[in-house]
Amino acid sequence: MVDSTSPVTPPASRSNSSRNRSWWGWGTADKALPDTECTALGGLVQGAAATPLPVPDISALELPKVRIEPPSALAPLMSAAPRDRASHTYGKAYRDVVRALNGDLSAAPDQVAHPGTEQDVIDVLDWAAEADVAVVPYGAGSSVVGGVEYRADRHRGVVSLDLSSLGRVLEIDPVSRAARIQAGALGPGLEAQLRPHGLTLRHFPQSFEFSTLGGWLATRAGGHYATLYAHIDDLVESLRVVTPVGVNASLRLPGSGAGPSPDRMFLGSEGTLGVITEAWMRLQDRPRHKASDTVLFSDVHAAMNAVRAIAQSGLHPANCRLLDPGEAALAGVARDGESVLVLGVESARSPVGERLAELVTLARDHGGSPAPASTDAEDAAAGTWRSAFLRMPYLRDALARMSVITETFETACTWDRAPGLYESVRRDLGDVVREVTGATGTINCRFTHVYPDGPAPYFTVIAPGRRGEEIAMWDEIKSAAMQILTDHGATVTHHHAVGRDHRPGYDRQRPEPFAHALRAVKQSLDPAGILNPGVLFDPAVAG
């Protein structure tokens, strides 16, 4: 095995290296749209505010009084600095961004802990359980479902447990093609440590730059790739998890039929059952052959049928993104009412041209027309879509500053339900948007992931809001969307996790016997109820 010897970044260095991170919005501060561009963007939405909400000066923010002080042994790990507390208050959901812009940091943690070792994590949990302090595990804060915000009031204080100092690839096993990786590893840093060995985890969510391995595992994240290993679950060999009652370390195996999986219990647990500190992950050889193409459809339902045929073909495209006419226009890849299917294939072993041709033929058989050949090395539409995809969170923040309601939600359903779900969301949620905002608004859809038995539709809602009422309006639209998904037998989340924002829909979706068992597990592993209270179930019913 190869042993990585990169030093663990100490808390002070970590803080300095992340100073350019936006404390209130997505990504880095230098990439946020300036006021002039916010105003221009808002001008594209009839009814948007005339001027952008200002970004508060962090030095002028009113933060709640710090209620707890750590013991001397833990003091070097802790920070109550205003910037640390402010930047760890919320995730990056629309309602989080709007509250931060309004200077509402009433939910700020009392302390931010930066553990540098697993023992530090154990020590923090031991102290917190004795001191009645809630602990909210924090990877990089990219949650868009209220997953890192404390919303209860039953604890003496709150600590945000920032794991970003645990960012090393500890071991690489090239024989089994796997690596032992600390949970705080950010996407780019993780891949940089694997690249010299010709290996990749091959998990690239939209939040890749600003999310961690532990966050992906705790939320059962979906990556960029549309088929085959779409979810992080499929890449796990074993987990190491610190719980308040001990460390749960599963045996590293390629597969096992020995009872319920000890890993599956923590995948998707969102930090409420334990803190994932490291994992053995399955790797792949880095791809050397890539090809992409774009197919246009005049009928969105014909495009859905084409995608279903592709998903059931066993050809496993790396990219199979279907953009409906509105989404295609928003991304700038089509403007004539066409739906756009972006296809991509890759391989570490052999050329992929023939496989791409098979996929295009399947699409053509269902009424698709390949886009005109591009003279660029990479298909132009695919490149445009990728750029828009990565830029979208910054545009969302800019629209939020213009008091425009923007919401994205993803789901999954079986193919027989997909057409009805698509039409219902556009029709029924459109009615709600008109009622709430007084405007028609925009509702677009794309398929981000596809399976042989169903797609994962991802919807975008854009409508003008009323300044000062944005959060209430967003909440009403969000609630209606969750109910529509439930009514159609679709999941309330495909890869964004439950958090606190999806809790009502999750409560309706899960079987009650499972909910009872989950509460029992919570009581067993976290008897003091300190870990991320309010996620998956209410603190009051944890026992």
Side-chain angles (χ1 to χ4, degrees), residues 137 143-147 151-152 216-222 230-234 236 239 241 243 245 248 250 255-274 276 409-418 420-421 424-425 428-429 448-459 478-527 529 531-543:
S143 170
V144 292
V145 294
R151 293 183 188 172
W216 302 341
L217 295 167
T219 61
R220 297 182 67 191
H231 275 267
I232 196 69
D233 312 33
D234 302 316
V236 176
L239 296 180
V241 186
T243 79
V245 298
N248 189 87
S250 61
S256 173
S261 166
D263 296 327
R264 292 280 172 177
M265 184 170 69
F266 293 102
L267 291 169
S269 64
E270 302 188 36
T272 193
L273 301 180
I276 299 170
F409 61 95
E410 24 65 65
T411 183
C413 64
T414 52
W415 282 112
D416 58 310
R417 295 174 177 174
L421 174 66
S424 179
V425 169
D428 299 338
L429 190 60
T448 60
H449 303 77
V450 292
Y451 305 91
D453 49 347
Y458 189 115
F459 295 93
K478 182 76 168 180
S479 177
M482 293 298 100
Q483 187 60 57
I484 291 171
L485 297 180
T486 299
D487 292 345
H488 284 266
T491 181
V492 295
T493 179
H494 173 261
H495 57 264
H496 279 167
V498 175
R500 293 163 178 85
D501 295 342
H502 288 163
R503 266 293 310 285
Y506 178 64
D507 288 348
R508 293 190 295 265
Q509 177 176 325
R510 67 183 176 189
E512 186 53 35
F514 176 73
H516 180 75
L518 191 58
R519 295 185 193 112
V521 172
K522 171 70 170 178
Q523 175 62 26
S524 177
L525 296 179
D526 182 21
L531 283 173
N532 216 3
V535 169
L536 301 184
F537 31 70
D538 293 327
V541 296

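Note that these values count all heavy atoms, side chains included, but never hydrogens, waters or copies made by symmetry.
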Run the ring-centre check on His449 versus His495 and record whether the distance is less than 6.0 Å. yes
Side-chain donor or acceptor of [X] paired with backbone N/O of [Y] under 3.5 Å:
X      : Y      : answer
Glu270 : Val535 : no
His502 : Ala497 : yes
Arg417 : Ala490 : no
Asn532 : Gly271 : no
Arg508 : Val492 : no
Thr411 : Thr491 : yes
Thr272 : Leu531 : yes

Gap separating the OG1 atom of Thr493 from the CG atom of Asp501, nearest 0.5 angstrom: 10.5 Å
Asp487 CG to Leu421 CG distance, which is reported to the nearest 0.5 Å: 10.5 Å
Which pair of non-hydrogen atoms, one from [X] and one from [Y], has the smallest distance, and what is that distance?
X      : Y      : result
Ser256 : Ala258 : OG-N, 3.1 Å
Pro455 : Cys413 : CD-O, 3.1 Å
Trp415 : Tyr451 : NE1-O, 3.0 Å
Leu429 : Ala480 : CD1-CB, 4.0 Å

Within-4.5 Å side-chain heavy-atom neighbours: [X] and [Y]:
X      : Y      : value
Ser424 : His488 : yes
Leu267 : Leu239 : yes
Val245 : Ser524 : no
Leu525 : Met265 : yes
His231 : His494 : yes
Arg500 : Val145 : no
Thr243 : Phe266 : yes
Phe409 : Val425 : yes

Gln509-Thr486 side chain donor-acceptor pair, cut-off 3.5 Å: no
Evaluate Arg503 against Val498 for side chain to side chain contact (heavy atoms under 4.5 Å, CB included), listing each step before the verdict. CA-CA 6 Å; Arg503 266 293 310 285; Val498 175; 4.2 Å; yes
Passes side chain to side chain contact (heavy atoms under 4.5 Å, CB included), Arg510 versus Leu518? Steps please. CA-CA 11 Å; Arg510 67 183 176 189; Leu518 191 58; 4.2 Å; yes
Glu512/Arg519 ion pair, N-O < 4.0 Å: yes
Going by side chain to side chain contact (heavy atoms under 4.5 Å, CB included), name the residues that satisfy it together with Ser261, two or more places apart in sequence or in a different chain.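 Applying side chain to side chain contact (heavy atoms under 4.5 Å, CB included) to Ser261 gives Asp263, Arg264.
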